[in-house]
Amino acid sequence: MTEKSYRNAIRETLFQEMARDPDIILIGEDMAGGAGAGGEEEDAWGGPMGVTKGLIGEYGKKRVLDTPISEAAFMGAAIGAAAAGLRPIAELMFNDFLGVCCDQIINQAAKYHYMYGGQDTIPLTIRTTMGAGLRISAQHSQSLHAIFTHFPGLKVALPSTAYDAKGLLTTAIRDNDPVIFCEHKLLYRLREDVPDGSYAIPFGEARVVMDGEDVTIVAFSRMVHVATEAAKALAKQGIKCTVIDPRTTVPLDTDTIFESVEETGRLVIVDEGGPRCGIASDIAAMTADTMFHALKAPVKCVTPPYVPIPAAPNLEDLYVPDAAKVMAAVLAIYRE
Amino acid sequence: MTEKSYRNAIRETLFQEMARDPDIILIGEDMAGGAGAGGEEEDAWGGPMGVTKGLIGEYGKKRVLDTPISEAAFMGAAIGAAAAGLRPIAELMFNDFLGVCCDQIINQAAKYHYMYGGQDTIPLTIRTTMGAGLRISAQHSQSLHAIFTHFPGLKVALPSTAYDAKGLLTTAIRDNDPVIFCEHKLLYRLREDVPDGSYAIPFGEARVVMDGEDVTIVAFSRMVHVATEAAKALAKQGIKCTVIDPRTTVPLDTDTIFESVEETGRLVIVDEGGPRCGIASDIAAMTADTMFHALKAPVKCVTPPYVPIPAAPNLEDLYVPDAAKVMAAVLAIYRE
Amino acid sequence: MDKKHNQLLWAYRTMQTIRLFEERMHDVFTTGEVPGFVHLYAGQEACAAGVCANLTEVDYFHITHRAHGPAIARGADVTDVAREIYCRRDGMCRGRGGSTHLHDAARKIIGANSGVGSGAALACGSALAARHRGDGGIAAALIGEGGANQGVVSEAMNLAAIWKLPVLFIFENNGYAEATSADYAIAGGDLSARAPAFAMPGEIVDGSDYFAVADSVAAAAARARAGEGPCLIEVRNLRLYGHYEGDAQKYRPPGELEEYRRTKDCLINFRAHVLAEGSLTAGDMDVIDQQVAALIDAAYEAARTAPLPDPEELMQNIYATNC
Amino acid sequence: MDKKHNQLLWAYRTMQTIRLFEERMHDVFTTGEVPGFVHLYAGQEACAAGVCANLTEVDYFHITHRAHGPAIARGADVTDVAREIYCRRDGMCRGRGGSTHLHDAARKIIGANSGVGSGAALACGSALAARHRGDGGIAAALIGEGGANQGVVSEAMNLAAIWKLPVLFIFENNGYAEATSADYAIAGGDLSARAPAFAMPGEIVDGSDYFAVADSVAAAAARARAGEGPCLIEVRNLRLYGHYEGDAQKYRPPGELEEYRRTKDCLINFRAHVLAEGSLTAGDMDVIDQQVAALIDAAYEAARTAPLPDPEELMQNIYATNC
Ligand SMILES: Cc1ncc(C[n+]2csc(CCOP(=O)(O)OP(=O)(O)O)c2C)c(N)n1
Ligand SMILES: Cc1ncc(C[n+]2csc(CCOP(=O)(O)OP(=O)(O)O)c2C)c(N)n1
Ligand SMILES: [Mg+2]
Ligand SMILES: [Mg+2]
């Protein structure tokens with residue numbers, strides 16, 4: 001057990017899994033960096049976010065492959081390699097770039113196993129970054145996990161802590177299906193104690209962050225921290241919330257959510273993805289069907305507004321849900 | 001007023017709008033067909049579905065542009081042309097091919113007006129086809145309107161009748177924002193009386209197909225017919241349903257839906273899109289928030305299961321919602 | 001000698017099987033019993049056969065929506081192919097893919113893909129895996145000349161070149177993408193001109209000539225196996241039928257197909273060639289004709305009478321690891 | 001003569017404005033007051049200036065994430081640029097786009113775009129619109145050598161060629177895409193080799209030489225205006241700073257930048273050139289230097305003190321037609 005950042009927990013997982021299985025390869029832009037450039041360092045960048053630093057030194061160019069800016073080709077190559085028996089980990093630098101390799105992900109990776117009658121498996125992990133907060137505007141700040149969730153055949157993980165990042169990534173890599181692993185840009189520096197050895201967190205098992213009988217709050221990724229902050233503040237006012245981090249949207253641990261709603265009768269979902277056809281509405285809808293009779297109050301979704309993401313810091317801060325908005329949503333239904 | 005098919009209503013609209021405004025151009029694969037081939041007919045195909053037949057004869061090659069199989073380039077060109085003052089109508093042969101031009105649609109068209117501070121408008125209409133039923137499997141049969149809906153900046157129309165097809169397409173073409181116009185493949189032959197002159201149906205105004213006080217059914221595109229069939233059968237059993245076709249998902253006429261739910265207290269949403277983060281869950285979530293106190297029973301979503309679309313006719317028929325499934329959903333909540 | 005003889009028998013049998021399979025499909029399609037879109041490969045047989053003549057067990061063959069012929073050329077069971085086209089439970093994809101998505105993992109026939117061109121990227125992955133294993137395998141990808149205009153194909157060519165992947169990009173230029181001519185859609189009209197752009201060799205081959213295709217692919221495959229990287233081969237041919245069944249083909253210039261059938265039929269030309277050089281006899285080929293005809297009868301009969309998938313199959317194989 | 005003189009003054013002023021603007025940005029970035037990612041154009045000035053010297057009011061100029069320099073070269077108001085980089089209410093995009101999304105519709109400076117390469121497709125649309133209007137306009141698209149590997153760029157080149165669109169594809173090869181070298185990422189190392197693949201002329205130009213760029217673009221623009229279709233120009237240069245501010249640039253070979261600054265600085269070379277030919281005097285340029293320095297001071301001061309957008313702006317301009 002050592003204190004590690006979210007970034008380092010992910011890097012450590014890559015080291016450990018690549019050591020375990022020689023069929024794991026890394027594919028992406030600037031995974032090492034400096035390819036062909038003749039600079040002093042072998043991995044001048046070690047990934048756009050510095051996550052993959054050191055891997056090329058350990059595992060060599062045969063297993064750490066820097067690519068041209070050709071997401072469609074290298075995602076396709078990763079899928080093809082997965083079908084052919086490797087276990088690629090491909091990096092999509094920003095999840096927004098789904099735009100340029102969408103066909104590979106939604107039409108190839110997601111459908112390959114099913115459409116061809118189960119003949120091949122696609123043990124592919126796509127690491128990508130999500131989230132606003134860096135003031136880099138509409139095309140680099142989105143949280144697109146709802147899109148990945150919409151298409152059956154993919155699995156989708158959104159670690160909110162360093163511990164979960166390691167355990168979920170281990171599971172993702174060992175899983176035989178394509179997994180989209182969404183790293184939140186603003187969490188890379190988050191630190192906590194993380195075991196040094198390998199461990200796997202099963203997909204579809206929520207983490208209950210806090211327990212309380214008044215209101216259930218479900219949140220993903222960085223919003224787990226926002227929700228927890230809100231729940232702590234509410235606790236001081238005597239309102240006790242359960243905070244649930246489902247950790248994966250596919251599979252989704254509805255059991256844990258529904259059990260809590262059974263007790264509280266009140267649900268708030270906090271998500272950084274868009275409000276329309278998003279994961280918040282997804283969970284709200286399931287609850288309004290299955291758990292209708294347990295509900296005592298309206299189901300509240302706390303998401304950004306329906307608007308592209310602006311660059312201006314003050315507007316971006318208004319855009320992203322914060323603890324105050326979560327508290328307002330809880331308070332709006334608490335009295336009912 | 002003449003009886004017209006859905007296909008011909010769309011074609012007629014294209015003729016009329018192109019006559020009205022010389023800045024309207026058509027861009028897409030085989031819009032005419034036969035380009036460079038030396039065959040006898042100038043438009044050998046007139047569109048993959050025969051919708052654009054005759055347009056090149058009327059408006060010439062300068063305004064009807066056949067493209068290579070390069071959706072990203074020609075969608076991008078359509079967006080660029082729209083920003084530069086034309087009013088392009090681009091055809092995405094199957095909405096599934098969003099995969100290969102996703103960046104253009106979600107990151108460029110949707111965000112252009114906002115991200116650049118409102119300087120330019122993007123008066124672009126993207127005609128595309130949706131829907132299962134042709135036994136053409138997972139990559140040609142999807143209904144992806146939830147994806148388009150997820151991204152603010154786009155408008156999304158799903159005509160369910162020939163009359164609506166003409167009126168909504170007219171509005172789409174005249175609108176100054178990018179509109180995704182989703183034509184259901186199985187509706188092209190549907191016929192009804194359609195006015196010969198031009199008319200525009202405003203976006204965001206639902207059509208109430210049937211009126212009844214027991215259960216509200218909201219349905220889109222071809223599912224409007226499935227829902228209506230179910231409602232008619234239920235009427236014979238004494239269960240009176242309101243059937244609402246919102247016609248556009250963006251903007252969405254929540255007023256009409258909520259007013260009906262106020263009366264019925266019961267809501268079933270029928271959609272051919274996927275169940276997770278889909279438009280059914282979107283509307284269910286809004287209702288479970290805003291209309292919670294009016295609800296008397298669980299909100300039901302009738303959608304396909306969470307699975308890619310199989311080719312086999314019997315499996316595809318199981319996949320697509322039918323009247324029996326809608327009836328079952330209504331009956332499940334009717335007694336409550 | 002024996003090897004060459006067997007190879008010729010194989011080539012003739014392969015092309016004849018495809019031809020008869022597709023002619024039969026053309027006939028039965030009109031009955032309405034075949035679900036979905038069906039794209040026939042008749043007229044292009046020499047291409048798939050010429051490629052597959054050079055592939056071994058470790059090699060991958062990426063095919064397109066015009067899938068029947070290539071799948072058969074690579075040795076897929078003809079009944080299995082027919083059953084899949086009929087969407088039967090025991091089709092090669094359990095009826096889930098249909099005509100345009102034939103895929104046979106055991107034979108490394110890789111998924112006919114509806115997004116045209118995407119096979120080029122997947123093929124880079126197959127080649128990468130083969131190289132990783134070091135088994136000498138290569139990936140040959142068929143791509144229609146229309147699909148070659150997809151951006152992902154250019155990306156894949158560049159990627160294969162800089163990674164020196166053993167990929168053969170086989171652009172099958174049958175003159176049309178749906179109703180649009182290659183001359184219109186391809187700048188300069190010549191796909192082989194894209195090879196130097198991505199620093200690889202490229203050439204144009206007469207697709208009606210089995211030997212020309214086979215020779216060209218042999219050289220490219222040898223180069224790829226030697227670690228020298230990808231090649232581009234543009235194979236020129238025509239399809240004998242429409243883009244898909246039901247296409248009225250009004251885009252064709254008058255007489256185009258008649259002329260092609262007369263001078264460019266790969267089966268007629270092959271026959272003439274082997275008879276002229278004396279490497280096969282008419283008898284050899286007549287026997288094959290009969291065997292193939294019987295095989296096709298049996299395959300269609302089996303497909304027609306085979307059961308559709310069980311309803312439970314709708315929800316199977318979505319994930320490989322339980323979820 | 002006067003025209004040439006003015007043109008030279010314009011070129012010097014433009015390049016010097018960009019240089020000083022970027023040097024200042026490099027300095028102030030360390031204070032933390034500039035939001036977002038910032039990509040500097042210093043070292044590449046001759047490219048944007050050489051292109052814009054050939055553009056008229058009816059022409060479109062598509063720029064990239066490395067946006068400041070090109071926007072300034074096309075005549076954007078420097079204060080407006082600075083305000084947008086600072087995400088201020090009165091920035092050219094009302095603070096919504098920031099450094100990487102400069103866009104000035106009035107000057108036909110078309111959106112720096114985060115998805116690298118996509119400007120190539122948008123430029124086809126600008127060119128199409130210009131041709132539709134018949135105003136003689138063309139579209140010049142800057143595309144980084146890394147972005148040129150996006151499939152959409154190849155698609156756009158093909159489309160522009162078959163439609164004979166007046167598009168100039170200006171591939172700005174500054175040696176790197178982030179930390180990855182052009183030599184590694186581009187098969188054959190030569191983007192101009194892609195021109196014949198798409199049946200258009202292409203050439204490599206020394207990006208440190210304003211005159212070379214301007215001449216090459218002049219010829220291409222004339223050709224495009226004459227209806228002869230697109231051209232490719234690969235402009236070779238280096239950026240003087242990192243990919244973005246904060247980049248430690250450990251990928252650079254030792255001495256690379258020192259050498260470039262010494263022998264390839266476009267401003268130094270321009271000065272030497274005009275002094276040698278006597279077309280401008282040192283005095284001419286010194287005056288400009290002073291004016292530009294004052295302009296930059298004023299622009300940064302204005303940007304720094306300008307207000308952020310009002311909160312209501314978050315929800316404005318999502319749609320143009322009410323919704
Ligand atoms: C990305 C994409 N765009 C469009 C289509 C529709 N489509 C199916 S086949 C086809 C023509 C393909 O032409 P080509 O690649 O030359 O192959 P051929 O049919 O001639 O064998 C088209 C446009 C598609 N499947 N995928
Ligand atoms: C489609 C896409 N992939 C990746 C990125 C991330 N990215 C931003 S700039 C950049 C490098 C671009 O290099 P180049 O095109 O040569 O332009 P330069 O930065 O050198 O001006 C990358 C990879 C992106 N913006 N878009
Ligand atoms: Mg073709
Ligand atoms: Mg560069």
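Only heavy atoms go into these numbers, but all of them, side chains included; no hydrogens, no water, no symmetry mates.
Neither the backbone nor the side chain of C:A160 comes within contact range of chain D; no heavy atom of the residue lies under 4.5 Å from a heavy atom of that chain.
Between C:H39 and C:F37, the ring planes lie perpendicular to each other; the angle is over 60°, past the 30° to 60° tilted range.
Side chains of C:R96 and C:H103: no donor on one and acceptor on the other come within 3.5 Å. There is no side-chain donor-acceptor pair under 3.5 Å between C:Y251 and C:E256.
Counting heavy-atom pairs under 4.5 Å between each of C:G188, C:A185, C:G189 and chain D puts C:A185 at the top. Comparing D:D190, D:V152, D:I186, D:V153 by heavy-atom pairs within less than 4.5 Å of chain C, the highest count is held by D:I186. Contact count against chain C (heavy-atom pairs under 4.5 Å) is highest for D:A193 among D:P196, D:A156, D:A193, D:S192.
A salt bridge links D:R225 with D:D59; the closest basic N to acidic carboxylate O contact falls under 4.0 Å.
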